[in-house]
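Notes to accompany the following structure.
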Amino acid sequence: MKAISFDFWGTLCLSNPQFRENQFKLLGEFDDSITLDYWLTQKTYYKKLADEEAQTKGGHIDRLALNKLIFPNWHTKDIEAFMLLSDDIFVKYPPFNHLPPSFIETARHAGYTIYVSSNTVFTSGAALSRVIFDKFAIPKSHCKFSDEIGKAKIDASMFDFEIKPRFHIGDNPKTDGASERYGITFLDVTKLSLPQLISSITHD
């Protein structure tokens with residue numbers, strides 16, 4: 001038996017501007033004093049911190065903790081409600097496909113079990129898994145999300161599946177490329193065309 005694991009952001013999917021627009025509308029319902037500039041600046045800043053924690057230590061920073069830093073005057077129950085409603089908006093306005101579903105089917109026809117390994121920052125693994133199943137028919141049981149594992153890529157636990165992947169396909173040489181440490185070949189979607197990716201996995 002053989003397997004492939006995929007990163008989510010920048011690999012399987014790209015962000016949908018409609019999600020960002022509608023999430024900001026939701027934010028206004030909670031606190032209309034927050035500007036778009038403040039929201040985007042704060043999200044970018046804390047996402048960078050979370051990414052650095054993942055890339056250097058394999059650590060995951062909980063999104064509730066991050067949102068408490070962004071909204072220091074909010075009650076915890078309001079932050080939790082905002083996060084849950086944001087997840088619903090994420091599913092309603094899902095990310096755009098980057099790798100086509102046909103590529104996943106090509107891998108399946110070549111005999112691969114398909115896994116997903118994704119670091120999460122402001123979107124939960126629960127919401128991501130709903131989109132992943134709808135778009136690619138990959139069940140949640142075949143997915144690892146940093147908010148559920150408590151660790152992030154580069155940590156070994158994010159690449160530890162029932163069947164060891166032969167390849168991990170992603171876009172980040174630091175986090176996704178860490179698969180090489182665990183004997184899993186990294187295929188970089190930013191450097192390989194779709195035909196090259198297909199050739200890599202079908203000629204293995």
Side-chain angles (χ1 to χ4, degrees), residues 3-15 19 23 42-72 74-91 94-95 113-136 138-186 189:
I4 295 177
S5 59
F6 290 83
D7 171 52
F8 182 75
W9 290 113
T11 302
L12 289 177
C13 287
L14 302 173
S15 61
F19 164 68
Q23 187 188 40
Q42 292 292 299
K43 277 188 72 175
T44 299
Y45 175 77
Y46 286 111
K47 183 181 183 304
K48 183 178 179 182
L49 287 184
D51 289 345
E52 288 175 353
E53 179 72 12
Q55 292 173 6
T56 59
K57 301 177 183 177
H60 171 80
I61 302 177
D62 182 73
R63 69 173 178 158
L64 177 60
L66 293 175
N67 278 299
K68 282 183 175 180
L69 294 171
I70 297 174
F71 310 119
W74 288 24
H75 294 297
T76 298
K77 65 180 178 59
D78 291 325
I79 295 175
E80 291 173 336
F82 173 70
M83 292 191 304
L84 288 174
L85 290 169
S86 290
D87 283 350
D88 289 339
I89 294 171
F90 177 79
V91 174
T113 296
I114 309 299
Y115 296 120
V116 173
S117 173
S118 178
N119 289 351
T120 65
V121 181
F122 287 108
T123 304
S124 70
L128 287 170
S129 68
R130 291 165 65 185
V131 169
I132 290 167
F133 184 77
D134 287 346
K135 285 181 172 289
F136 304 103
I138 302 170
K140 191 171 189 295
S141 60
H142 283 202
C143 299
K144 286 186 180 289
F145 302 110
S146 61
D147 66 326
E148 297 178 355
I149 300 294
K151 294 287 185 180
K153 292 178 292 187
I154 56 174
D155 192 81
S157 61
M158 289 295 289
F159 299 100
D160 183 19
F161 294 96
E162 184 177 355
I163 304 169
K164 182 178 178 177
R166 296 188 182 184
F167 302 100
H168 176 71
I169 300 178
D171 69 312
N172 188 323
K174 292 182 179 178
T175 54
D176 297 307
S179 65
E180 297 273 353
R181 304 180 189 181
Y182 313 113
I184 302 166
T185 300
F186 170 52
V189 295

T175-Q55 side chain donor-acceptor pair, cut-off 3.5 Å:
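Side chains of T175 and Q55: no pair found under 3.5 Å.
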With no hydrogens and no angle check, do the side chains of H168 and S179 hold a donor and an acceptor under 3.5 Å apart?
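Short answer, no.
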Taking all non-hydrogen atoms of both residues, which atom of [X] and which atom of [Y] are closest, and how far apart?
| X | Y | value |
| --- | --- | --- |
| T120 | H60 | O-CE1, 3.1 Å |
| P94 | K135 | CB-CE, 4.1 Å |
| F6 | L12 | CD2-CD2, 3.8 Å |
| W9 | S118 | CD1-OG, 4.4 Å |
| F186 | P173 | CE2-CA, 3.9 Å |
| L66 | A50 | CD1-CB, 4.3 Å |

Using the side chain to side chain donor-acceptor pair (under 3.5 Å) rule, take S5 and S117 through it: C-alpha gap first, then chi angles, then the decisive distance, then the call.
CA-CA 6 Å; S5 59; S117 173; over 6 Å; no
Please check this pair: side chain of K47 against backbone of Q42, looking for a donor-acceptor N/O pair closer than 3.5 Å.
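Side chain of K47 to backbone of Q42: no pair is present.
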Side chain to side chain contact (heavy atoms under 4.5 Å, CB included) evaluation trace for Q23 with K43:
CA-CA 12 Å; Q23 187 188 40; K43 277 188 72 175; 3.4 Å; yes
Are any of the side-chain heavy atoms of [X] and [Y] separated by less than 4.5 Å?
| X | Y | answer |
| --- | --- | --- |
| T113 | F161 | no |
| F19 | I89 | yes |
| L49 | E52 | yes |

Step by step, would you call I114 with H142 a side chain to side chain contact (heavy atoms under 4.5 Å, CB included)?
CA-CA 7 Å; I114 309 299; H142 283 202; 5.6 Å; no
As a quick check of understanding, evaluate side chain to side chain contact (heavy atoms under 4.5 Å, CB included) for T76 and K68, giving each step before the final call.
CA-CA 8 Å; T76 298; K68 282 183 175 180; 3.4 Å; yes
Mind checking side-chain hydrogen bond (donor to acceptor under 3.5 Å, both in side chains) for K140 and listing every partner two or more places apart, or none if nothing turns up?
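Checked K140 against side-chain hydrogen bond (donor to acceptor under 3.5 Å, both in side chains); matches are E148.
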About how many Å separate [atom2] of [Y] and [atom1] of [X], when rounded to the nearest 0.5 Å?
| X | Y | atom1 | atom2 | result |
| --- | --- | --- | --- | --- |
| I163 | I4 | CD1 | CD1 | 11.5 Å |
| S146 | D62 | OG | CG | 9.5 Å |
| F8 | D171 | CZ | CG | 11.5 Å |
| H75 | E80 | NE2 | CD | 12.5 Å |
| N67 | I70 | CG | CD1 | 5.0 Å |
| D147 | I149 | CG | CD1 | 9.0 Å |

Going by salt bridge (charged side-chain N to carboxylate O under 4.0 Å, His left out), name the pairs with one or both residues in residues 81-90, residues two or more places apart or in two chains.
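Output for this query lists R63-D87, D88-R130.
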Consider side chain to side chain donor-acceptor pair (under 3.5 Å). Of N172, N119, D7, which one does K153 pass it with?
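The single option meeting the side chain to side chain donor-acceptor pair (under 3.5 Å) with K153 is D7.
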May I ask you to establish whether K144 and Y115 are in a cation-pi arrangement, using a distance under 6.0 Å from NZ or CZ to the six-membered ring centre and at most 45° from the ring axis?
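Judged by the rule, K144 and Y115 form no cation-pi pair.
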Verdict with supporting geometry, Y182 and D160, side chain to side chain contact (heavy atoms under 4.5 Å, CB included)
CA-CA 9 Å; Y182 313 113; D160 183 19; over 6 Å; no
